[in-house]
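Scroll down for the structure; my scribbles are underneath it.
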Amino acid sequence: MSLTLFDTMSRTARELRPLDGSTYRFYACGPTVYGPAHIGNFRTFVLQDLFRRLLELGGTRTKHVRNLTDVDDKTIRVSQETGQSLTDFTRHWTQLFHADCAALHCLPPHVEPSAVAHIPHQVKMIEALMAGGHAYATADGSVYFKIASFPDYGRLSRVKERELKPGASVSDDEYEKDTLGDFALWKARKPEDGPNFWPAPWGEGRPGWHLECSAMIREYLGDTFDLHSGGVDLVFPHHENEIAQSECCGGAHGFAAHWFHITHLLVDGKKMSKSLGNLYTLADLAAKGYSPEEVRYVLTAAHYRGQLNFTLDSLDGARQALGKLARAERALAERAGTSTPPAYDSLMGQEAGPFAAAWTALNHDLNTAEALGHVFTVLKAVKPETLSPADALAVWRGFHLVLAAFGIVLPPEKAEDAVPAQVQAVAEARWAARTGKDWAEADRLRGELDALGWTMKDGRENYSLSLK
RNA sequence: GGCGGGGUAGCCAAGCGGUAAGGCAGAGGUUUGCAAAACCUCCAUUGGCGGGUUCGACUCCCGCCCCCGCCUCCA
């Protein structure tokens, strides 16, 4: 089974093979750590995680590099506003980002370099670009990349000469550029930067945003590597600029061999924005009672190149769907005589068995929606009680292969809520009444429990209590 | 305006030149003292609109309408 993925550069789905023959090396643009990441950000990170899982479960080793942007206009501005040092400020948001990633069951990248920790690498790269005639310094000590020096500029986004939309804003501090398309490699120190500046041959300042990725890719993946990824909005200008910088610097006409871009999600049919009040973080959704697992399910249930319309209703649907998957998993596990889910590593190379169609769909440009369809169809057809324990085990493992690829962690069987003694006593009394077929008393006591905030469900042999 | 992604049942969302997966919701049923849960069954003659190609199109071509994204530092 080989994994094929749509490539933004060639506009075709292409099979993925490690350039070096053994390890698939890829880079993902990470978050700017100046506030909580929202579910739109996480659609990208979760899909990148799913992509990596498919590679690994399919038997390919990976090297996953994802940066942390911890110096830019926003991090500097907001840290100043909150009176924190840039380091303390970004450390705080980085920790929260990591916690969210963990909650969403995203595998941590193998390397997670930060921009601030790689200033010298960036300075060195700028020097090389200036030496090659690809960059120029301005009077204020900023340095710009000269796009005219790179004939291939625009190859990824397919626009040779971008025309500015009438009325598009051009920030004031960029007036010294030769042409509008030139972008900052180094931004000269400004008073409002406070203590956040670094020395450089052409003057104090800080690196431009695009440069950090190029510099860190070079450091950890080399001039040519397997794949680069991010949200669609990064195609232009960010990735276009990275290509320009890196190819003019490394000489290689390669950079990323494959480009993987994830489409933005919509919330209630519209773009997320604070003003519309539809910008959700994991914490926002947790406050509404939704789990990270439910969020991940919604994020992965649609194809990554389509616009996913995220709604609270879809989270409710995810809860039902996950419950259905969990019941099926338990039935299979019970028949197979096992209970502990297989370890991720143990599933690498696992046969999908009856879930082969789902596995194939996933490997065909990450068609998660089709894959889920197959999963439910198979689950409906499989009757655990008719299988031998050995067969059930094989089916169960195939099922877990697909679950592991999705990064789905099934909800546990509903844990009993801690029941207060008083409630317990009423429940016992009702159970006794019910057993004695005193329906009136049983119903009265159910009402009493209800008033106490508890719901009692009758089973054949026993009952269960849950908080309303 | 340029470039790109879409318009499929109440909602979400796939495949496919050969006659519409799947999930949620909904309806009916089994079970249950009742209830809940669970399980089973049903649920788009129709795919934004108008043409065309074809034995046959939701799927290909042409035109139009609408939605969404990017267009200089937003995943």
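Order of the sequence lines fixes the chain letters, A, B, ..., with proteins taken first and strands second; residue numbering starts at 1 for each chain.
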Flag the pair [X] and [Y] as a salt bridge only when some basic side-chain nitrogen lies within less than 4.0 angstrom of an acidic carboxylate oxygen.
X	Y	answer
A:Arg444	A:Asp438	no
A:Lys190	A:Asp140	no
A:Arg206	A:Asp72	no

OP1 or OP2 of [N] under 4.0 Å from side-chain N/O of [X]:
X	N	result
A:Lys380	B:rG23	no
A:Asn241	B:rC73	no
A:Lys324	B:rG23	yes
A:Arg319	B:rC24	no
A:Arg327	B:rC39	yes
A:Asn309	B:rC12	yes

* Within the distance-only criterion (no hydrogens, no angle test), does the side chain of A:Asp7 pair as donor or acceptor with the backbone N or O of A:Met9 below 3.5 angstrom? ->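 It does hold such a pair.
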Worksheet item: When the nearest nucleotide of RNA chain B is assigned to A:Leu372 and to A:Phe6 on a heavy-atom basis, which residue is associated with the more 5' position?
Response: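 Nearest-nucleotide comparison on RNA chain B picks A:Phe6.
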Of A:Ser314 and A:Lys457, the one whose nearest nucleotide on RNA chain B sits closer to the 5' end is A:Ser314
What integer number of Å spans the [atom1] atoms of [N] and [M]?
N	M	atom1	result
B:rG22	B:rU41	P	11 Å
B:rA57	B:rG52	P	12 Å
B:rG2	B:rA13	C1'	31 Å
B:rA9	B:rC49	P	10 Å
B:rA75	B:rG23	C1'	26 Å
B:rA21	B:rC34	P	37 Å
B:rC42	B:rG1	P	49 Å
B:rU54	B:rC60	C1'	10 Å

- Query: Does NZ or CZ of A:Arg53 come closer than 6.0 Å to the centre of the six-membered ring of A:Phe406, within 45° of the ring's axis?
  - Reply: no
Minimum-distance nucleotide to [X] side chain [options: [options]]:
X	options	value
A:Lys271	B:rC73, B:rC68, B:rA13	B:rC68
A:Glu370	B:rC71, B:rG15, B:rA75	B:rG15
A:Phe376	B:rG69, B:rG23, B:rG15	B:rG23
A:Asn367	B:rC73, B:rA14, B:rG69	B:rA14
A:Val232	B:rA75, B:rA13, B:rG69	B:rG69

Paired nucleotide for [N] [Watson-Crick or G-U wobble; both distances under 3.5 Å]:
N	value
B:rU41	B:rA27
B:rG4	B:rC68
B:rA20	none
B:rU46	none
B:rU54	none

Hey, does [Y] have a side-chain heavy atom less than 4.5 Å from the side chain of [X]?
X	Y	answer
A:Asn67	A:Glu212	yes
A:Ser2	A:Asn363	no
A:His261	A:Tyr304	no

Report task. Examine the base of B:rC24 for any acceptor or donor lying under 3.5 Å from a partner atom in the side chain of A:Gln320, and report the outcome as yes or no. Result ->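 Check fails, no donor-acceptor contact within cut-off.
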Task: Base B:rC73 to side chain A:Lys187, donor-acceptor N/O within 3.5 Å cut-off - done: yes
Worksheet entry | Plane angle bin for A:His239 and A:Trp259 - parallel if under 30°, tilted between 30 and 60°, otherwise perpendicular | tilted
Ring geometry between A:Phe225 and A:His228 (parallel below 30°, tilted from 30 to 60°, perpendicular above 60°) =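 Ring orientation of A:His228 relative to A:Phe225: tilted.
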Just call it for [X]: base, sugar-phosphate, or nothing, with non-hydrogen atoms closer than 4.0 Å on any strand.
X	result
A:Gly230	sugar-phosphate
A:Leu266	sugar-phosphate
A:His38	base
A:Arg66	nothing
A:Gly317	sugar-phosphate
A:Leu265	base
A:Gly208	nothing

[X] [atom1] to [N] [atom2]: how many Å, rounded?
X	N	atom1	atom2	answer
A:Arg11	B:rG4	CZ	C1'	7 Å
A:Glu441	B:rA35	CD	P	20 Å
A:Leu299	B:rA13	CG	P	12 Å
A:Arg444	B:rA35	CZ	P	21 Å

Is there a donor-acceptor contact under 3.5 Å linking the side chains of A:Glu204 and A:Trp198?
-> no
Distances for protein N or O near nucleotides 27-34 of chain B N or O, under 3.5 Å:
{"unit_1": "B:rG33", "atom_1": "N7", "unit_2": "A:Arg434", "atom_2": "NH1", "d": "3.2"}
{"unit_1": "B:rG33", "atom_1": "O6", "unit_2": "A:Arg430", "atom_2": "NH1", "d": "3.2"}
{"unit_1": "B:rG33", "atom_1": "N1", "unit_2": "A:Asp443", "atom_2": "OD1", "d": "2.9"}
{"unit_1": "B:rG33", "atom_1": "N2", "unit_2": "A:Asp443", "atom_2": "OD1", "d": "3.3"}
{"unit_1": "B:rG33", "atom_1": "N2", "unit_2": "A:Asp443", "atom_2": "OD2", "d": "2.6"}
{"unit_1": "B:rC34", "atom_1": "O2", "unit_2": "A:Arg446", "atom_2": "NH2", "d": "3.3"}
{"unit_1": "B:rC34", "atom_1": "N3", "unit_2": "A:Arg446", "atom_2": "NH2", "d": "2.6"}
{"unit_1": "B:rC34", "atom_1": "N4", "unit_2": "A:Asp458", "atom_2": "OD2", "d": "2.4"}

